[in-house]
Structures are given as structure tokens and as C-alpha cells.
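We use all heavy atoms of the structure for the numbers below, so side chains are in, but hydrogens, waters and symmetry mates are not. For ligands, and for the atoms within them, numbers begin at 1 and follow the listed sequence. Small disclaimer: the values here were computed from a predicted structure and weren't measured. All residue numbers refer to positions in the sequence shown, counting from 1.
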Amino acid sequence: MPDVVVIGAGMVGAACAYYAAREGLSVTVVDRAAVAGGTTGSGEGNVLVSDKEPGPELDLAVLSCRLWTELASEAREAGGFEHEPKGGLVVAESDEVLRALTQLAGRQGKSGVVTRQVATAELAGYEPHLAPGFAGGVFYPQDAQVQPMLAAARLIRRWPRVALRTGTEVTGLLMERGRVTGVRTRDGDIPAGAVVNAGGVWGDRIAAFAGVELPIMPRRGFILVTEPLAPAYGASPAGPPAPLVRHKVYTAAYVTNVASDSEGLETSAVVEATRAGTVLIGASRERVGFDRTVSLPVLARLARQAVDLFPALADVRAIRAYCGFRPYCPDHLPVIGADPRVPGLYHACGHEGAGIGLAPVTGLLTARLLTGAEPEIDPAPFRPDRFAGTPG
Ligand SMILES: Cc1cc2nc3c(=O)[nH]c(=O)nc-3n(C[C@H](O)[C@H](O)[C@H](O)COP(=O)(O)OP(=O)(O)OC[C@H]3O[C@@H](n4cnc5c(N)ncnc54)[C@H](O)[C@@H]3O)c2cc1C
């Protein structure tokens, strides 16, 4: 019998398994689909501190950025995964926006975020192909990018103490005298010392198996992918070839969109090049349930905003688009920790648009709570029973 069953082989479940096993626990990860077959395989890999207001989520993000660097360096021996600490550049459309951005950077600094003010004249040094006319920006060296699918697979494989069962749907929880004692699956029961709900946007359904509510809702996002671009955009003819887009680049409007509670459509392009040469243009946000219908107007809006940032993209073809469902909680904070309503059940879900970035810290925190060790960060803001009476 494993010490822990983790439901969900997404980025968050993978990180929970990794850190729990690192603490010496035996773990079985169960997923009805494949590794990264949920939202992890249909989003982006931004690891951002730049887009978060000071508070509990930023505290998680600052620690998680550091953990990502450690994980990437540890995984290098086993083949590694893409982790590019390239930094993020947030640009301001006007002097007024720049003032707000600068104030935000000042406040973030108190939480351990490193920032560099970038004057208008310096923008081209960071991004030679950026459109003219921006009032300046802020550079965030801690922002990074990972390829989450491979990262999730590598973390699950890291310890022999972790067993993986894909294609296995959890249909209920085993309960004894009000305590969760394992999971019921289509392929039989798996008793365990504890169960971690890392079901992402489906985490509410897993909680419901234990008779408790979590108000997790899907927030749809589309991503546009360009054809691969040759790295032939050096700053000078003598310089080494460099990608068209060198950092993560987005406008300050993105921060407002991320924090918004609106159900309606919001788009503000985040543009970044991948190692494969493609440029990822993300992402839209809207609450339309689990509707996967491709929306051309949304894609057109993303494309236009990306061209507004990098005019050279006007001549580049988009080769595909995809969408995923962010696990949205009404207060924009993830649900992490033991559920006081049901002993034996832990949650690690509801990370909305930051689940890749926050996966390592979530895994670490969950492992600490499972073993009764002192957590690095106070888990109180993320407690599962905080929503009583919250309208969805
Ligand atoms: C367009 C878009 C862009 C994004 N960009 C970013 C970004 O740049 N940076 C970032 O940090 N985050 C980003 N996100 C958010 C991020 O992708 C998610 O927060 C993250 O993937 C959540 O991971 P997870 O492991 O919690 O969930 P998932 O990856 O969804 O994993 C949950 C798993 O649980 C399994 N499961 C559910 N129910 C059951 C069951 N009953 N039995 C067995 N298995 C079950 C599912 O099959 C799934 O594999 C983006 C999301 C979208 C949609």
C-alpha cells in the first residue's frame, strides 16, 4: 500500500509526487489520461513573478521560481527539460501606465522580486524588434519558461518510489469512519495512507467524492503558435544569431487581465520564442465552461496584439492554435493543504493560469504537510475550507 495516492499526472501532481518521494514517502500517481493530458498539455510554460501583486501568491511564485531552477539543474543528468531563465519584459503603453507599472515593481521588490527599470531608449537593447512608441518598461530577470509536458514526465520518473498508473480513472474515494483511505478506480481500489487531489480544473469533482465543495471553474485560454523562425535576427550583422523575440514580452494590460474576475473575453498577448523556433502567442481568458470550439475572433485579437508588439510577426504564418481550461478559483489563489473537513484528503489544485509556475512550491508544501514537517510558507491563505459562502 502506498503512503500516498496522487490523483492527476499534470504538472502539479507530478511535483507533489516528486517532493513527497523526496521526503521518503511511497507514491502512486493515478491519471485517467496520460501524463500532462489535462491543462498542463494545453497551456504555456511561463514561470512568472512579474504578473503578481504582492501577497500570498507572489510569495509562492518567488520560491517556486527558485525551485524550478534547482529542479532543472538536477534533471539535467537524466536528459533534462527545457528551462530558460530568459527574464520577462513588461512594456507600458503610456506614461501613466509606466507610473503604475513602476509602483507595482516597487511593491513587488519587498517580496523578493528583482526588477530593472527600462527607459524607452533602452527597450531596443532588450528587444531589437519591439514596435516603437512604448513609454518604457520593467525587466524581471526571475521570469522563466519551462516545457511543462516533459518536465512533468521527468519529475514523475525521478524516484523509484513513485509508481504511475495512467488510463486509470478515479471514480470515488475509499472512506472509513469519515477518513479517506484510498481511491476507487475503474481498475480496482488503491488503499493509501493519504490522497492528494491534483485534479486541476476537475479538482471540484474529486472533492465532491468526499462530500466537500471546492469552487473550481474552467477559464478558457487560446494559444496561437507560429511557424518556426530561423534564429537570424542578430542585433548586428556581426553578432550571433538571436531569436526575433528574446524574452517574455507583454504589455502592462496583461497584469490587469490576470487579476480580473470578469467572465467576459479578455486578451492581452504574451509573446515568447521557444527553442524549436516557434513563437507562442498567448493567451485569452474567458469563462465559457468546457467549450472547446475554436474562436477565430479570439485568435485574430491575439494575433493583432502580438503584431502590435512585434510588427515583424505580421509576415509570419500561424500554424496552429489550441485551447485549455485554467482551474479558476474565485479569489485567484490555489487550494493547497489538508482538508480539515475530511481527514486523509489533501488538495493541490485550482492554480488558474499559474499552475506551471507554482507547481514546485505546491509540491514542496504538500510534501511538508503530508510528513508533518514545518512548511516554508504559511499555507493558511490556500486552505481548502476558505470558500464557505463564496458565490462562484
Ligand atoms: C491557455 C493557457 C495558458 C497557460 N499558461 C500558463 C503559463 O504560462 N504558466 C503557468 O504557470 N500556467 C499556465 N496555465 C495554467 C496551467 O496550465 C495550469 O494551472 C496547470 O496546468 C494546472 O496543472 P494541474 O496539474 O493542476 O492540472 P492538469 O494538468 O489539468 O492535471 C490534472 C489531471 O487530473 C486528471 N484527472 C482529473 N480527474 C481525474 C479522475 N477522476 N481520475 C483520474 N485522473 C483525473 C486529468 O486527466 C489531468 O491529467 C495556462 C493555462 C492555459 C489554459
Side-chain angles (χ1 to χ4, degrees), residues 5-17 29-49 51-52 57 60-61 64-65 68 88 143-149 151-152 155-156 165-173 183-187 190 195-209 216 218-225 248 250 254 258 267 270 272 280-286 292 298 302 321-329 332 334-336 347-363:
V5 165
V6 175
I7 308 173
M11 194 63 252
V12 174
C16 289
V29 180
V30 183
D31 200 299
R32 64 184 170 203
V35 172
T39 308
T40 295
S42 52
E44 283 175 281
N46 294 316
V47 178
L48 301 183
V49 293
D51 65 341
K52 293 171 183 63
E57 194 191 17
L60 287 181
S64 217
C65 268
W68 264 122
D143 281 357
Q145 185 172 325
V146 294
Q147 211 287 23
M149 281 98 91
L155 292 200
I156 288 176
R165 289 179 60 173
T166 50
T168 305
E169 178 163 8
V170 172
T171 53
L173 297 174
V183 299
R184 176 153 293 149
T185 80
R186 292 204 189 283
D187 304 324
I190 311 174
V195 171
V196 175
N197 168 14
V201 71
W202 303 278
D204 60 333
R205 298 180 195 179
I206 290 162
F209 290 149
I216 299 177
R219 198 175 185 195
R220 183 173 75 175
F222 279 100
I223 308 275
L224 205 52
V225 186
K248 292 176 176 303
Y250 63 88
Y254 174 81
V258 170
T267 58
V270 178
E272 62 194 287
L280 296 185
I281 301 166
S284 56
R285 287 166 197 269
E286 56 191 324
R292 283 197 177 273
V298 174
L302 284 174
Y322 56 88
C323 80
F325 301 101
R326 302 178 185 86
Y328 168 93
C329 283
H332 300 276
V335 184
I336 307 172
H347 300 284
C349 53
H351 294 73
E352 204 188 331
I356 307 306
L358 301 183
V361 74
T362 302

If you have a sec, work out which protein heavy atom is nearest [atom] and how many Å separate them, to one decimal?
atom: atom 41 (N) of ligand 1; answer: Val170 O, 3.0 Å
atom: atom 47 (O) of ligand 1; answer: Asp31 OD1, 2.7 Å
atom: atom 23 (O) of ligand 1; answer: Thr40 OG1, 3.3 Å
atom: atom 28 (P) of ligand 1; answer: Thr39 N, 3.6 Å
atom: atom 51 (C) of ligand 1; answer: Arg326 CG, 3.5 Å
atom: atom 34 (O) of ligand 1; answer: Gly8 CA, 3.4 Å
atom: atom 12 (N) of ligand 1; answer: Gly353 O, 3.0 Å
atom: atom 25 (O) of ligand 1; answer: Val12 N, 3.0 Å

N/O of [X] under 3.5 Å from N/O of ligand 1, yes or no?
X: Pro327; result: no
X: Ile356; result: yes
X: Ala348; result: no
X: Glu169; result: no
X: Ala283; result: no

Under 4.0 Å from any heavy atom of [X], which atoms of ligand 1 are there?
X: Gly221; value: 1 (C)
X: Thr168; value: 43 (C)
X: Gly10; value: 25 (O), 29 (O), 31 (O)
X: Asn46; value: 7 (C), 8 (O), 9 (N), 10 (C), 11 (O)
X: Phe325; value: 53 (C)

When you look for heavy atoms under 4.0 Å from ligand 1, do you find them on the side chain of [X], its backbone, both, or neither?
X: Ala198; result: backbone
X: Arg32; result: both
X: Ile223; result: side chain
X: Val47; result: neither
X: Glu352; result: backbone

Original post:
So, do Arg32 and Arg186 sit near enough that their side-chain heavy atoms are less than 4.5 Å apart?
Top reply: no
Original post:
At the 4.0 Å heavy-atom cut-off, does Ala354 count as touching ligand 1?
Top reply: yes
Subject >> Interatomic distance, Glu286 atom CD to Cys323 atom SG [nearest 0.5 angstrom] >> reply: 9.0 Å
